[in-house]
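All heavy atoms count here, side chains included; hydrogens, waters and symmetry mates do not.
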Amino acid sequence: MTVGDLTDGATYHLRDAGLLNHSEIKRANNWRLQADSYIYISQGLFIPLGHPSAKPNVVAEETFNAFVEYFPRLRQASVPQGFDEAMQVARSDGAHYLLYVRFAQGNDRIGNWDEFKGRKDSGARLGVDRGALQLMLVEVGSGYLVDTANIRHRGGFLTFYNTKPENLLRPPLREYARRLLGLTP
């Protein structure tokens with residue numbers, strides 16, 4: 001057993017025990033994309049349940065930041081859009097795929113002393129942040145739904161200080177990008 005295997009095993013168990021950030025990605029298909037695919041990223045108009053104070057386009061921004069390492073041809077919508085509007089913009093831009101993302105749920109718990117002092121019901125709200133994302137990958141030319149994914153993430157006890165649910169988005173989105181390229185199982 002190598003040191004790398006020991007590290008991976010320890011990280012897995014610390015995440016599973018809730019000490020480190022954890023995310024789970026469930027995909028409907030194992031569709032793979034070519035690295036030169038042009039992807040238009042848009043976030044839906046949905047306000048996340050349990051976290052209405054989230055920035056309006058935060059998921060699209062984090063998706064773009066996670067995908068840019070693996071897909072060089074990307075464009076991100078500057079504001080949240082409805083699905084039909086996003087599809088129309090993707091078509092006019094000549095994109096191959098539309099990645100339509102939605103921040104389905106966010107549970108912003110108290111993570112620092114200032115937040116603790118500012119709340120009256122502080123004891124019930126102390127803890128780790130949680131969230132859920134929904135993604136749809138649609139082929140623009142045919143309108144075919146290529147893949148859907150559901151990403152659930154939660155913070156860890158050792159990493160909950162001063163975080164928000166949106167701080168947990170980029171690592172699972174980066175993992176999803178790697179899966180779309182077939183780099184991980």
Interatomic distance, L180 atom CG to L33 atom CG [nearest 0.5 angstrom] | 5.0 Å
What distance separates I41 CD1 from E61 CD, expressed to the nearest 0.5 Å?
-> 11.0 Å
Could you tell me whether R75 sits above the aromatic face of Y40, with NZ or CZ closer than 6.0 angstrom to the six-membered ring centre and within 45 degrees of the axis?
-> no
Is F67 linked to V146 within one hydrophobic cluster, defined over Ile, Leu, Val, Met, Phe, Trp and Tyr using a side-chain heavy-atom separation of less than 4.5 Å?
-> yes
Classify the ring geometry between H96 and Y38 as parallel (under 30°), tilted (30 to 60°) or perpendicular (over 60°).
-> perpendicular
Measure from the side-chain N and O atoms of N57 to the backbone N and O of S78, and report whether any donor-acceptor pair falls under 3.5 Å.
-> yes
Should we count CZ of R91 as having more than 12 external heavy atoms under 6.0 Å?
-> yes
Honestly curious: do V138 and L181 fall in one hydrophobic cluster under the side-chain, below-4.5 Å linking rule?
-> no
Nearest 0.5 Å, what's the CZ-CD distance between F103 and E62?
-> 10.0 Å
Least distance between heavy atoms, N150 atom then L133 atom | OD1-O, 3.1 Å
Any chain of hydrophobic side-chain contacts (each under 4.5 Å) joining W31 to L173?
-> yes
Taken in chain and number order and not counting sequence neighbours, the residues that satisfy ring pair (Phe, Tyr, Trp, His ring centres under 6.0 Å) with Y176 are none
Rounded distance [0.5 Å steps], CD in E175 versus CG in L183 = 9.0 Å
Evaluate the side-chain proximity of T63 to L99: yes if any heavy-atom separation is below 4.5 Å, no if none is.
-> yes
So, S37 and Q34: side-chain donor and acceptor under 3.5 Å apart, yes or no?
-> no
Is it true that a side-chain atom of D147 and a backbone atom of N29 form a donor plus acceptor pair closer than 3.5 Å?
-> yes
Taking the side chain as every heavy atom from C-beta outward, state whether R102 and V59 have any pair of such atoms under 4.5 Å apart.
-> no
Mind checking whether L137 and Y144 sit in one hydrophobic cluster, side chains of I, L, V, M, F, W, Y counted as touching below 4.5 Å?
-> yes
Hey, any chance Y100 and V68 share a hydrophobic cluster, counting ILVMFWY side chains that come within less than 4.5 Å of each other, even indirectly?
-> no
With sequence neighbours excluded, residues passing ring pair (Phe, Tyr, Trp, His ring centres under 6.0 Å) with F64 = none
Please walk me through it: do T148 and R27 pass side-chain contact (heavy atoms from CB on, under 4.5 Å)?
-> CA-CA 6 Å; T148 61; R27 290 181 63 189; over 6 Å; no
Provide the closest heavy-atom pair for A177 versus F71 in the form atom of the first, atom of the second, distance.
-> O-CE1, 3.9 Å
Can you tell me if R73 uses its side chain to pair, donor with acceptor, with the backbone of D36 under 3.5 Å?
-> yes
Run the salt-bridge test on E24 and R152 with the 4.0 Å N-O cut-off and return the result as yes or no.
-> no
Take atom CD in E85; do more than 12 heavy atoms of anything else shown fall under 6.0 Å from it?
-> yes
For S42 and V89, run side-chain contact (heavy atoms from CB on, under 4.5 Å): C-alpha distance rounded to whole Å, both residues' side-chain angles, the deciding distance at 0.1 Å, then the answer.
-> CA-CA 10 Å; S42 178; V89 173; over 6 Å; no
For Y97, ring pair (Phe, Tyr, Trp, His ring centres under 6.0 Å) partners two or more places apart | none
Is the shortest heavy-atom distance from the side chain of L45 to the side chain of Q81 under 4.5 Å?
-> no
Would a distance-only check, ignoring hydrogens and angles, find a side-chain to backbone donor-acceptor pair under 3.5 Å from Q43 to V101?
-> no
